[in-house]
Protein chains: 2
Amino acid sequence: MTDEVPRRRGRPPAGGREAILAAALQLLRERGIARVTSREVAALAGVSEASVFYHYKDRTGLLQAVFEQGLEPLQALSSGGMLSGADLHDVLTRFADTLDEFLEQALPVMSAALSDTALRDVMAAYMTAQDLGPHRGVAALGDYLAAEQAAGRVRAGVDPHAAAMLFVGACYTRAAQRQMPARVNELPPLENIIRATEELLRPGPV
Amino acid sequence: MTDEVPRRRGRPPAGGREAILAAALQLLRERGIARVTSREVAALAGVSEASVFYHYKDRTGLLQAVFEQGLEPLQALSSGGMLSGADLHDVLTRFADTLDEFLEQALPVMSAALSDTALRDVMAAYMTAQDLGPHRGVAALGDYLAAEQAAGRVRAGVDPHAAAMLFVGACYTRAAQRQMPARVNELPPLENIIRATEELLRPGPV
DNA sequence: GTCTATAGGTTGATAGAC
DNA sequence: GTCTATCAACCTATAGAC
């Protein structure tokens with residue numbers, strides 16, 4: 001242990017890389033990708049612009065890291081931990097809540113990549129490599145519904161993965177619309193969607 | 001009638017405004033909003049940069065016009081012309097096709113507005129003023145399903161607008177995923193979704 | 001790893017002639 | 001309405017000292 005060296009002030013030098021990434025992600029979500037500039041990122045992170053390029057090489061490198069970090073919570077989704085229990089209403093509610101939470105974080109990141117074809121290609125490559133996308137949620141819920149169908153708790157004769165797609169699609173669309181806050185555009189409340197899905201999947205009197 | 005004055009070459013001077021708008025929309029769809037710069041727009045439209053600002057005042061003004069033009073085909077959707085007939089399968093197919101076509105055009109425009117909060121506000125105001133959004137499609141299909149339900153051709157006890165939301169959501173999500181071409185991410189084919197929806201809505205044996 | 005300073009390029013926007 | 005010419009602002013990226 002040496003004497004305490006007076007730090008320059010503020011953030012410890014070691015956290016630079018993480019601070020830059022966090023700042024970039026925050027800027028992207030709060031103000032849009034057009035505002036994710038080296039200047040604003042550096043200012044928010046409390047470092048110099050040169051640090052940004054030192055750690056991430058160039059703007060594309062930084063945004064690639066932002067994409068990976070911003071999409072990381074998807075792992076929680078594909079684990080499918082919330083898909084247990086025999087009460088369809090509960091399962092759908094938990095699933096929708098988890099999906100909502102994820103999309104709230106991930107949708108701004110995903111749509112940001114569409115602002116430039118070069119960025120879109122970067123993100124598409126990452127999603128392909130990691131096998132990410134809405135199909136993960138559809139597959140997870142679809143598998144659950146298929147099992148329930150086999151157990152006789154879900155109406156027979158219905159493609160469980162297509163049914164899952166309907167439910168995931170509704171959640172996705174609601175989340176997407178929240179990104180564009182035109183308050184007039186009101187969609188049916190989540191509760192009605194869950195109830196309708198339940199009702200549609202309930203085994204009929206045979 | 002005076003003598004024929006030799007035109008400078010190429011496009012007639014009168015079409016400048018429209019050419020600029022068309023070029024901007026094309027650039028936005030093909031390369032992303034980050035490439036919709038005054039320079040590239042002017043070059044593609046075959047006019048000078050100054051013309052862009054003369055006609056649309058500033059970049060925001062141009063993009064506002066692009067948004068309005070890019071979302072205009074929504075009118076076809078809300079008219080609900082494709083929602084007639086008693087064969088649910090046909091109606092769903094026609095509806096999905098129309099929605100797909102619209103989203104193919106409109107989604108790149110809508111997501112572009114998310115790249116910057118200032119632009120997002122401009123588009124949100126326009127969508128609010130014109131009452132645009134996914135809720136239009138949901139309302140149109142929901143009303144149709146409600147009528148079919150009253151006629152006994154759709155299962156009773158199901159919220160028709162919530163059911164419409166499920167179907168519209170699936171179409172929307174498929175279209176959104178097409179924007180991010182990660183080929184691995186495969187969702188159930190449209191036909192399966194239509195069939196499942198049909199099956200779910202079919203009146204059960206009571 | 002972090003900084004200051006700066007190069008070099010692109011962009012939005014205006015002035016003024018035609 | 002359209003052009004050429006020009007600018008100030010901004011942005012990415014690098015060099016070199018510490």
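In what follows, chains are A, B, ... by sequence order, proteins preceding strands, each numbered from 1.
Checking side-chain atoms of A:Arg155 against main-chain N and O of A:Arg202 turns up no donor-acceptor pair under 3.5 Å. Counting only distance, with no hydrogens or angles, the side chain of A:Arg94 and the backbone of A:Met82 share a donor-acceptor pair below 3.5 Å.
In terms of the side chain to side chain contact (heavy atoms under 4.5 Å, CB included) criterion, residue partners of B:Glu191 (sequence neighbours excluded) are, by chain and number, B:Arg195. Qualifying side chain to side chain donor-acceptor pair (under 3.5 Å) partners for B:Arg178, counting only residues two or more places apart in sequence or in other chains: B:Asp100, B:Glu104. Annotation: side chain to side chain contact (heavy atoms under 4.5 Å, CB included) contacts of A:Ala96 (sequence neighbours excluded): A:Phe167, A:Cys171, A:Leu190.
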Revision key, fill the gap. Per-nt protein contacts along nucleotides 5-10 of chain C (heavy atom under 4.0 Å; B base, S backbone sugar-phosphate only, - none) come out as ------

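The CG-P distance, from B:Asp58 to C:dA13, rounds to 5 Å in whole Å. Atoms CG (B:Leu119) and C1' (C:dG12) sit 14 Å apart, rounded to a whole Å. In this structure, NE2 of B:His55 is placed 6 Å from P of D:dG1, rounded to the nearest angstrom. B:Phe53 places its CZ atom 16 Å from the P atom of D:dT4, with the value rounded to the nearest Å. Across the protein-nucleic acid pair, B:Ile20 atom CD1 and D:dG1 atom C1' stand 10 Å apart, rounded to whole Å. Between A:Lys57 atom NZ and C:dG1 atom C1' there is a gap of 19 Å when expressed in whole angstrom units. Rounded to a whole Å, the CD atom of B:Glu18 is 10 Å from the P atom of D:dG1. With rounding to whole Å, A:Arg35 atom CZ is found 18 Å from C:dT11 atom P.
Here B:Ser38 reaches the OP1 or OP2 of C:dG12: one of its side-chain N or O atoms lies under 4.0 Å away.
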Check your understanding: Could you go step by step and tell me if A:Leu63 and A:Met123 meet the side chain to side chain contact (heavy atoms under 4.5 Å, CB included) rule?
Key -> CA-CA 9 Å; A:Leu63 289 175; A:Met123 169 165 283; over 6 Å; no

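The side chain to side chain donor-acceptor pair (under 3.5 Å) pairs that include a residue from residues 108-132 of chain B are B:Asp131-B:His135, where partners are two or more places apart or lie in different chains.
Around the CD atom of A:Glu101, the shell of radius 6.0 Å holds no more than 12 heavy atoms that belong to other residues, nucleotides or ligands.
Taking the side chain of A:Arg59 as heavy atoms from C-beta on, and the options C:dC3, D:dT12, D:dC3, the nearest nucleotide is D:dT12.
A:Ser48 comes within 4.0 angstrom of a base, heavy atoms only.
A heavy atom closer than 4.0 Å to some atom of DNA chain D occurs in no member of residues 22-29 of chain B.
Counted by atom type alone, B:Asp143 and B:His161 present one or more donor-acceptor pairs between their side chains at under 3.5 Å.
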